[in-house]
There are 2 protein chains.
Amino acid sequence: MNVSKSASQQGYHKGNLRDRLISTAETLLQHEELDALSLRRVAREVGVAPSAIYNHFSNLDELLAAVAADGYRQLVVLEQTAYGNIEDSETVLRQLIGDYLQFAAANPNLYRLMFSRRVVGYRALPEVGEAGDTSFKLSVEWWYGEGSYDPAKSAIHYPYALAVWSLCHGAAMSMLDGMVTMSEAPDQNVDALANVLADVLLQGARSVFSK
Amino acid sequence: MNVSKSASQQGYHKGNLRDRLISTAETLLQHEELDALSLRRVAREVGVAPSAIYNHFSNLDELLAAVAADGYRQLVVLEQTAYGNIEDSETVLRQLIGDYLQFAAANPNLYRLMFSRRVVGYRALPEVGEAGDTSFKLSVEWWYGEGSYDPAKSAIHYPYALAVWSLCHGAAMSMLDGMVTMSEAPDQNVDALANVLADVLLQGARSVFSK
DNA sequence: AACTCAATATGAACAACGTTCATATTGGCT
DNA sequence: AGCCAATATGAACGTTGTTCATATTGAGTT
């Protein structure tokens with residue numbers, strides 16, 4: 001086993017196809033709807049035969065899951081950066097929710113893929129499904145623990161984390177599908193929405209709005 | 001224009017195809033995944049040529065939207081029944097959330113269709129998209145107004161209603177996709193989840209769980 | 001009671017899709 | 001230099017949504 005061995009394991013004929021498939025699929029999602037992301041479309045874009053994909057993924061679902069997993073990783077980075085700022089927990093929560101919504105707004109089709117049944121429901125890859133929700137739950141639990149994440153308290157914090165994620169996900173979906181009326185200045189509106197959600201979580205819905 | 005005219009407008013050769021298409025599609029959703037609900041599959045089930053559908057719907061999306069609209073109506077009935085009970089607003093909210101989650105749990109594939117991008121995003125039918133979210137928002141606003149629904153306050157209550165719906169929708173999705181660990185007795189678990197969500201909304205997340 | 005015509009159903013066709021398989025090509029290792 | 005596993009190809013199959021020309025139906029008019 002010399003050094004070149006690991007390189008040969010990733011050996012290929014026309015560039016590292018697996019990575020190129022994932023990245024081009026991700027690029028396509030930036031400009032086209034999720035429906036347009038077909039196996040043949042990706043193959044065409046990369047300049048390879050459709051059947052070549054099956055040397056690296058057993059399925060289209062597996063390719064999509066890999067793309068989604070990449071999105072999960074980006075989300076985890078956002079979260080880690082958010083609570084990397086040592087401030088009061090309220091500020092952290094607001095930034096957490098804000099970053100989450102901004103990510104969804106900036107990558108609508110990737111976000112839809114990440115939480116589509118195709119990826120989440122079938123759990124083709126072990127990292128998918130688990131990673132998708134646990135990443136956010138962990139960060140929330142971390143915040144709730146005021147900086148000290150205690151796995152033992154996980155069961156206690158679980159429903160709270162679920163509520164936080166549900167609120168964010170539902171709002172993100174409403175946003176992406178145009179249910180929320182976003183007048184002008186989308187970034188500003190996203191932040192405003194995030195703060196409303198944080199208010200509800202912090203103080204309860206009832207006290208947030210004047211009776 | 002005599003009486004039989006309206007009957008002749010709904011005239012058909014092999015039964016009222018439009019209604020039969022919608023109902024069979026809805027029946028199929030009770031036993032099969034959303035992917036399995038293809039245009040040809042519905043046509044096959046009804047016993048009609050695929051192209052016959054285009055005499056009643058211009059699209060597959062339009063047929064799916066009609067099915068979803070039927071789901072919306074069921075949801076509205078649930079909501080109206082919930083706040084038809086004149087009790088304290090907290091009880092109404094708990095029942096509202098509980099019924100919502102129970103509906104999603106009882107009709108997972110129909111629920112997924114109702115809030116799929118295919119139906120919500122494209123808004124093929126006017127009743128779809130609008131009706132889907134406004135129905136729930138209205139009932140929530142009604143509850144918030146303590147029985148007297150005031151359209152003028154709609155703008156004020158809007159973000160609150162959005163938060164409520166987001167919470168329910170996100171939790172429903174987590175539930176359907178197996179993110180929430182449902183041990184045994186699903187009905188009981190759904191109610192427990194609904195109460196947690198209501199707690200969060202009523203008191204704020206922070207005070208709900210012991211620090 | 002026969003006729004008419006719009007409404008409705010049919011069947012064949014097309015392009016695009018995911019997937020499979022036999023075949024061809026590549027490039028690192030002995 | 002040559003072998004062999006890894007990788008890429010192209011053709012094929014079944015399925016999908018959609019279109020179009022054609023056929024059938026049945027209610028309203030004569």
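The sequence lines fix the lettering, A, B, ..., with proteins before strands; numbering per chain opens at 1. All values derive from a computational prediction rather than experimental measurement.
- Between I53(A) atom CD1 and dT9(D) atom P the separation is 11 Å, expressed in whole Å.
- Using a 4.0 Å cut-off, some side-chain N or O of H56(A) falls inside it from OP1 or OP2 of dA8(D).
- Residues S166(B) and G170(A) share a closest heavy-atom pair of OG-C, 3.4 Å.
- By the 30° and 60° cut-offs, the orientation of the rings of W165(B) relative to F115(B) is tilted.
- Rounded to an integer number of Å, the gap from CG of N16(A) to P of dG27(C) is 14 Å.
- For the pair N109(A) and E32(A), the minimum side-chain heavy-atom distance is 4.5 Å or more.
- Going from atom CZ of F57(B) over to atom P of dT18(D) covers 13 Å, rounded to whole Å.
- Shown here are the side-chain hydrogen bond (donor to acceptor under 3.5 Å, both in side chains) partners of N195(A), two or more places apart in sequence or in another chain: R94(A).
- Electrostatic pairing of R41(B) and D35(B) does not count as a salt bridge here, judged by no charged N lying under 4.0 Å from a carboxylate O.
- The base of dA8(D) lies close enough to the side chain of N55(A) for a donor and an acceptor atom to sit less than 3.5 Å apart.
- L64(B) has its CG atom 12 Å from the C1' atom of dG17(D), to the nearest Å.
- No side-chain heavy atom of Y100(A) sits under 4.5 Å from any side-chain heavy atom of Q95(A).
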Set out, line by line, the N/O atom pairs under 3.5 Å between protein and nucleotides 16-20 of chain C.
residue, atom, partner, partner atom, Å
dC17(C), OP1, S38(A), OG, 3.0
dC17(C), OP2, R44(A), NH2, 2.8
dG18(C), OP1, L39(A), N, 2.8
dG18(C), OP2, L39(A), N, 3.0
dG18(C), OP2, R40(A), N, 3.1
dG18(C), N7, R40(A), NH1, 2.5
dG18(C), O6, R40(A), NH1, 2.9
dT19(C), OP1, N59(A), OD1, 2.8
dT19(C), OP2, Y54(A), OH, 2.9
dT19(C), OP2, L60(A), N, 3.0
dT19(C), O5', Y54(A), OH, 3.1

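- Note: CZ (R20(A)) to P (dT7(D)) measures 14 Å, nearest angstrom.
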